[in-house]
Structures are given as structure tokens and as C-alpha cells.
Student: 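Below is the structure I would like to discuss, written out as C-alpha cells.
Computed from a prediction, not measured in an experiment: that's the story for all the values here. As the structure lists them, so they are numbered: ligands from 1, and atoms in each ligand from 1.
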Amino acid sequence: MKKIIIAVDGYSSGGKSTFAKAVAAKLGYIFIDTGAMYRAVTLYAMRRGIADEPAALVAALPDVHIDFRFNPRTGRSDVYLNGENVEAEIRRIDVSNRVSAVSSIPEVRAKLVAMQQEMGRAKGIVMDGRDIGTVVFPDAELKIFMTADPHVRAERRYKELIAKGEQVSMEEIEKNIRERDRQDETREVSPLRRAEDAVMLDNSRMTVEEQMDWIAGQLERFE
Ligand code: DC
């Protein structure tokens with residue numbers, strides 16, 4: 001099979017990363033979680049106390065360096081902010097609560113989209129996000145738009161955070177998910193929407209194995 005670009009877009013906590021990571025492992029492709037990049041910029045802004053000051057953040061953007069480095073212990077890539085591994089910190093709920101605002105700043109998007117396009121130049125990549133099939137790679141060979149019931153998504157994120165020892169309630173998580181859906185869909189720059197040529201995958205009631213069977217069917221046309 002010749003190397004292609006696989007774009008995976010959809011709502012937050014919809015299982016995009018789990019799915020995209022498994023597809024990348026199956027094909028020997030690079031996996032890029034673009035949400036981690038927006039989260040890293042958000043963390044940078046929070047640490048500098050400028051998360052609510054778009055102009056100050058835009059001015060500081062040249063000082064924000066993001067890269068991914070393979071972690072042999074977990075077998076996945078971690079995101080680094082100015083040389084520091086911030087993989088755990090960017091998943092915190094206070095970062096989740098601010099990331100939609102930061103990711104609606106056009107200059108932030110321009111910087112990260114350019115980086116993402118560079119990462120995909122050699123193809124052989126599975127990238128997950130909100131605008132991958134519409135903005136980052138409008139010519140991607142395979143575009144997938146994932147959906148799942150908001151309540152199912154909240155349950156998944158709740159279990160993840162509790163397992164990590166965070167003190168959160170289901171209500172707080174569900175509220176955060178619904179609010180992020182709304183912000184992602186209604187923002188002016190690159191709102192979350194399905195590319196016309198994207199195939200839909202509703203995984204509310206699917207196991208990862210079932211999703212892998214589904215993708216195998218989708219990949220047949222590239223053989
Ligand atoms: O996938 P995630 O929940 O980790 O993404 C975090 C936030 O980043 C999400 O609220 C929307 C934003 N995002 C975006 O605007 N564009 C992307 N390509 C990926 C994420």
C-alpha cells in the first residue's frame with residue numbers, strides 16, 4: 001500500500017486518539033495528536049499568566065517550541081514544551097477548560113497548522129484533531145469524522161481522569177465536554193465540521209477491535 005495521509009476529526013473525548021494511535025501502529029505510520037499541541041500552547045499561556053490575553057500570547061508565540069518525542073516506556077510519543085515533557089500536565093481539567101479559547105486565536109492556529117503540514121509532508125501519518133480534513137490536509141486520501149454520544153464520551157473521560165487520581169465529578173466532565181463541543185463548533189476560525197468527503201464513524205457502541213475491523217474495510221481501496 002502506498003503511503004497516505006489519514007485525517008481523523010471529531011468531538012473531544014470521542015476516542016479519536018485511541019483509534020488514530022491503533023491505526024498508526026497497525027500501518028507503521030506516525031501518529032500526531034494535534035489537540036496536545038493546542039493544549040501545550042494553553043499551558044504555556046497559563047504559566048505566563050496570559051491565557052486571557054490573546055495579544056500578549058500572540059506576541060510570545062515565537063518563544064513557544066513544541067515537539068513530540070518517543071517515550072520507550074509507554075511506547076507512544078509525548079509532547080514537549082520548550083524542551084520539557086508536559087504530556088501529563090496538559091491533560092489536566094484546568095487546561096481543558098481554557099484550551100478552546102486559546103485554540104480560537106487565528107495566529108495560534110496558523111503556527112500549529114504550518115507545523116502539522118510540515119509533519120505530514122512525507123505522508124505515512126495519522127493525524128487527529130478538529131480541522132485536519134478541512135484545513136490542515138484538505139487533500140488527505142482518507143478522512144474520518146468520529147462521533148459518539150456526549151454522555152458516553154463523558155463517562156470515558158471520567159474513568160481516565162479518576163484512574164490518574166484526579167478529583168473530578170461526572171457533572172463537571174459532562175459540562176466541560178458539552179461546552180467544548182459548542183465552542184469547537186461555533187468558533188469563527190476553522191470550526192469543527194465534517195469535510196464533505198469524510199466517512200463517518202460513530203463509535204458510541206463499538207470496541208476498539210470493532211473499529212479496527214471497520215478501518216480495515218476502509219483501507220481496502222488503497223491496496
Ligand atoms: O482533542 P483534545 O480534546 O485534546 O483537543 C484539545 C482542544 O484543542 C479542543 O478543545 C479543541 C482544540 N483543537 C483544535 O482546535 N484543533 C485541532 N486540530 C485539535 C484540537
Side-chain angles (χ1 to χ4, degrees), residues 5-21 31-46 51 54 57 61 64 66 68 76-79 81 86-120 125-138 140 143-148 150 152-154 156-158 160-161 164 166 168 172-195 198 201 203:
I5 292 180
I6 303 179
V8 182
D9 289 303
Y11 296 92
S12 64
S13 304
K16 295 190 303 294
S17 293
T18 306
F19 171 74
K21 212 179 299 164
F31 158 66
I32 299 290
D33 169 4
T34 63
M37 299 168 76
Y38 289 93
R39 286 171 179 272
V41 176
T42 305
L43 180 64
Y44 174 88
M46 288 166 68
L57 177 55
L61 278 179
V64 183
I66 294 168
F68 289 92
R76 47 173 290 178
S77 289
D78 291 340
V79 67
L81 168 64
V86 292
E87 184 60 38
E89 220 172 324
I90 59 161
R91 310 285 163 195
R92 280 192 338 231
I93 191 120
D94 56 340
V95 177
S96 297
N97 284 335
R98 287 194 161 84
V99 65
S100 283
V102 169
S103 58
S104 65
I105 301 171
E107 290 85 348
V108 169
R109 302 204 72 82
K111 177 178 171 120
L112 298 189
V113 166
M115 282 178 67
Q116 291 153 10
Q117 288 171 334
E118 185 57 34
M119 291 168 177
I125 195 164
V126 185
M127 196 173 272
D128 91 47
R130 303 292 190 286
D131 59 344
I132 312 304
T134 51
V135 176
V136 182
F137 297 120
K143 300 180 186 177
I144 298 164
F145 192 84
M146 287 181 73
T147 59
V152 173
R153 288 187 279 136
R156 288 181 188 153
R157 171 100 357 152
Y158 177 74
E160 253 171 48
L161 290 172
K164 284 184 194 157
E166 281 218 34
V168 287
E172 190 184 359
I173 303 282
E174 198 159 344
K175 196 167 151 234
N176 172 264
I177 284 186
R178 287 184 192 274
E179 179 55 23
R180 281 205 289 153
D181 285 359
R182 195 190 61 76
Q183 290 183 349
D184 288 349
E185 283 174 326
T186 57
R187 71 166 172 238
E188 263 174 48
V189 200
S190 308
L192 171 65
R193 63 176 179 81
R194 182 171 88 88
L201 171 60
N203 74 356

Student: To the nearest 0.5 Å, tell me how far Glu87 CD sits from Ile90 CD1.
Tutor: 5.0 Å
Student: Give the residue, atom name and distance (to 0.1 Å) of the protein heavy atom nearest atom 11 (C) of ligand 1.
Tutor: Asp184 OD1, 3.4 Å
Student: Identify the closest protein heavy atom to atom 19 (C) of ligand 1: which residue and atom is it, and at what distance?
Tutor: Thr34 OG1, 3.3 Å
Student: Compare Arg91, Arg180, Gln116, Arg187 and give the one whose heavy atom is closest to atom 10 (O) of ligand 1.
Tutor: Arg180
Student: Examine distances only and state if a side-chain atom of Asn97 and a backbone atom of Asn176 form a donor-acceptor pair shorter than 3.5 Å.
Tutor: no
Student: Report the member of Arg130, Lys16, Arg109 with the shortest heavy-atom distance to atom 15 (O) of ligand 1.
Tutor: Arg109
Student: Give a yes or no on whether the backbone of Ser190 and the side-chain of Arg187 come within a donor-acceptor separation of less than 3.5 Å.
Tutor: yes
Student: Give me the nearest non-hydrogen protein atom to atom 4 (O) of ligand 1 as residue plus atom name, then the distance to 0.1 Å.
Tutor: Arg39 NE, 2.7 Å
Student: Provide the number and element of each atom of ligand 1 under 4.0 Å from a heavy atom of Ser12.
Tutor: 3 (O)
Student: Ser12: what forms a side chain to side chain contact (heavy atoms under 4.5 Å, CB included) with it, not counting sequence neighbours?
Tutor: Arg130, Arg153, Ile177, Arg180, Asp181
Student: Only counting residues at least two apart or in another chain, list the ones meeting side chain to side chain contact (heavy atoms under 4.5 Å, CB included) with Ser17.
Tutor: Phe31, Asp33, Asp128
Student: To the nearest 0.5 Å, what is the distance between CD (Gln117) and CG (Leu112)?
Tutor: 11.0 Å
Student: Check each atom of ligand 1 against the heavy atoms of Ser100 and keep those under 4.0 Å away; list them by number with element.
Tutor: 10 (O)
Student: Of the protein's non-hydrogen atoms, which lies at the shortest distance from atom 12 (C) of ligand 1, and what is that distance?
Tutor: Ser103 OG, 3.6 Å
